[in-house]
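Here the structure is a predicted model, which means the values were calculated and not measured. Ligands are counted one by one from 1 in listed order, and the atoms in each one are counted from 1 as well.
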Amino acid sequence: MTTSFGQLAHLGHAELLTPDLDATVWFCTEILGMTETARDGDAAMLRTWDDYEQTSVVVRAAPHAGVGRVGLRTSSPEALEARAAALLAAGHEGRWEDGVAGTGRTFVTRDPDGHEIGLYHDTTWYTAPDHLRPGLKNQPQAKPGRGVAVRRFDHVNYLAADVQANAEFHADLLGARATEEIRMDDGHVAARWLTYTNKSYDVVYTEDWTGASGRLHHLAFATDTREDILRAADLCLDQGVPIETGPHKHAIQQTFFLYVFEPGGNRIELCNPVTRLVLAPDWPLITWTEPERAKGQAWGLKTIESFHTHGTPAAAGTDDRRYRPAALARRGDA
Ligand code: FE
C-alpha cells in the first residue's frame with residue numbers, strides 16, 4: 001500500500017464532452033435516468049440519485065466527444081495541500097482554480113497521458129427539491145422512475161499510450177492502489193485497475209493502440225442490481241441506443257456489464273460491481289496473462305475488436321458512432 005493511500009477520498013465527477021449537447025443530455029436523463037440540476041450555457045449538470053455531491057457528470061458541448069476534467073475529492077483540506085505539493089515537487093504541472101460542479105478550490109493537473117484531473121476537498125452536498133425528496137433521510141434523492149436509474153458514478157476508464165506510467169502516477173502521487181492488471185507476454189502492462197477506496201476500482205488505464213493521447217475508453221455508472229443491466233439492454237434496444245457488447249460478466253473484477261454508445265459517441269458502461277470490495281490492506285496485485293485474457297470474459301464471450309480500437313475523440317478516419325435519438329426527432333429537436 002502506498003503511504004498516501006487514503007488522502008484521496010473518492011472519484012467525484014467527470015466532464016463528458018459531446019458534439020451534440022441536447023442528445024447527450026437526453027441519453028443521460030431518459031436512458032441513464034439521471035437528474036439534470038442546472039444548465040450553464042454550453043454545459044449541463046447531472047447527477048445520479050445516490051451520489052451525495054451535487055454533480056456526478058458535467059456534459060459539455062465540444063467539437064469532439066471525449067472526457068474533460070475528472071474531479072477527485074481529497075479526504076481533508078490538508079490532504080489536498082499535501083497532494084498538490086507532492087505533484088509540484090515531482091515536476092507535474094498544476095494550478096489553483098475556482099471549482100466547478102459545486103466543488104470548491106481545485107488543484108488542476110494532468111496525468112502523464114494528458115487527461116485533466118481536478119483535486120478538491122470542499123464540495124456541495126445535494127439538497128433535493130420537494131418533488132425529488134427521498135423517503136429516508138440517509139438517501140440524497142428519491143429514486144427516479146425513469147430509464148435505468150443509475151445509482152452512482154462508478155469509475156472512469158482512460159486510454160493511454162503508457163499504462164504503467166499513468167498507473168504509477170496515481171499510485172505514487174495520488175495514493176491509489178492497484179488491484180488488478182493485464183500483463184502481456186512481452187512483459188508490458190496493457191491495463192491496470194486502481195482504487196482510492198475499498199471499492200475494487202475507481203480508475204482504469206487501458207492501452208491505446210492508436211498512439212493518441214488523452215482519450216476516453218468509457219465512463220461507468222453503477223446500477224442497484226444485475227437485473228437492472230438486463231433491463232438497460234432492453235431499454236437501449238427499444239430506444240435505438242447502440243449496444244457494443246454485453247450484457248455479460250467481466251473476468252477481471254467480475255463486474256456485470258453492458259456497454260453502449262451515447263449520441264455524442266462516448267462509450268458508456270452500465271455496471272453492477274457491488275459484490276466486489278477490497279478490504280485487505282495487503283491485497284496482492286492480481287495479474288492476468290495474455291493467454292488468460294484470450295479466453296474472453298467470465299462466461300466465455302470474447303472481447304470484441306471495437307473494445308480495443310474505439311475511444312473518444314475517435315481516431316481520424318474511424319466511426320465515431322454518433323446517432324440522433326428518435327425521441328428528439330419526434331419532438332422536432334433533430
Ligand atoms: Fe469499466
Side-chain angles (χ1 to χ4, degrees), residues 10-14 16 27-28 31-32 48 51 56-57 65-67 70 72 111 113 115 148 150-160 163 166-167 170 176-182 189-209 215-226 228-230 232-233 236 241-262 265-278 286 288 293 296-299 301-312 321:
H10 60 79
L11 180 65
H13 57 271
L16 187 66
F27 172 87
C28 289
I31 299 298
L32 297 184
T48 67
D51 276 339
S56 309
V57 175
V67 65
V70 168
L72 302 172
D111 70 13
D113 205 69
H115 303 98
V148 183
V150 290
R151 180 169 196 141
R152 179 182 71 242
F153 172 40
D154 190 80
H155 64 268
V156 55
N157 188 316
Y158 290 120
L159 288 167
V163 167
N166 285 275
H170 277 262
R177 47 180 181 152
T179 53
E180 303 199 27
E181 67 173 6
I182 299 170
V189 179
R192 189 172 282 175
W193 285 251
L194 301 112
T195 183
Y196 308 109
T197 64
N198 291 125
K199 281 173 66 224
S200 61
Y201 58 117
D202 297 311
V203 61
V204 188
Y205 282 93
T206 302
E207 190 172 31
D208 193 332
W209 291 3
R215 297 207 302 155
L216 174 68
H217 193 274
H218 63 268
L219 296 185
F221 297 89
T223 62
D224 253 352
T225 69
R226 294 211 295 189
D228 286 335
I229 301 289
L230 302 177
C236 290
V241 175
I243 294 173
E244 183 186 30
T245 185
H248 206 81
K249 177 179 171 176
H250 281 297
I252 297 170
Q253 305 286 0
Q254 299 193 21
T255 307
F256 200 66
F257 68 82
L258 173 74
Y259 290 91
V260 304
F261 293 106
E262 59 87 17
N266 294 294
R267 180 188 287 105
I268 301 293
E269 180 184 11
L270 285 308
C271 66
N272 188 249
V274 295
T275 52
R276 208 65 184 156
L277 289 174
V278 171
I286 306 284
W288 298 82
R293 291 307 307 127
Q297 302 300 339
W299 297 323
L301 179 78
K302 299 299 179 194
T303 304
I304 66 172
E305 187 61 22
S306 60
F307 214 66
H308 296 297
T309 56
H310 181 80
T312 47
R321 295 175 188 266

Exercise for the section: Take the angle between the ring planes of Tyr201 and Trp193 and call it parallel below 30°, perpendicular above 60°, tilted in between. Expected result: perpendicular
Problem - Sub-6.0 Å ring centroid separation between Tyr205 and His217 - result: no
Practice task
Give a yes or no on whether the ring-centroid distance for Tyr158 and His115 is below 6.0 angstrom.
Solution key: yes
Handout entry: Geometric class of the Phe261/His310 ring pair [parallel <30°, tilted 30-60°, perpendicular >60°]
Key = perpendicular
Exercise for the section: Taking the six-membered ring for Trp and the single ring otherwise, decide whether the centroids of Tyr259 and His250 are under 6.0 Å apart. Expected result: yes
Practice task
Count, excluding waters, the protein N, O or S atoms that are closer to the Fe ion (ligand 1) than 2.8 Å.
Solution key: 3
Fill in the blank from the handout: Applied to residues 242-262, the salt bridge (charged side-chain N to carboxylate O under 4.0 Å, His left out) test, sequence neighbours excluded, yields Glu244-Arg267
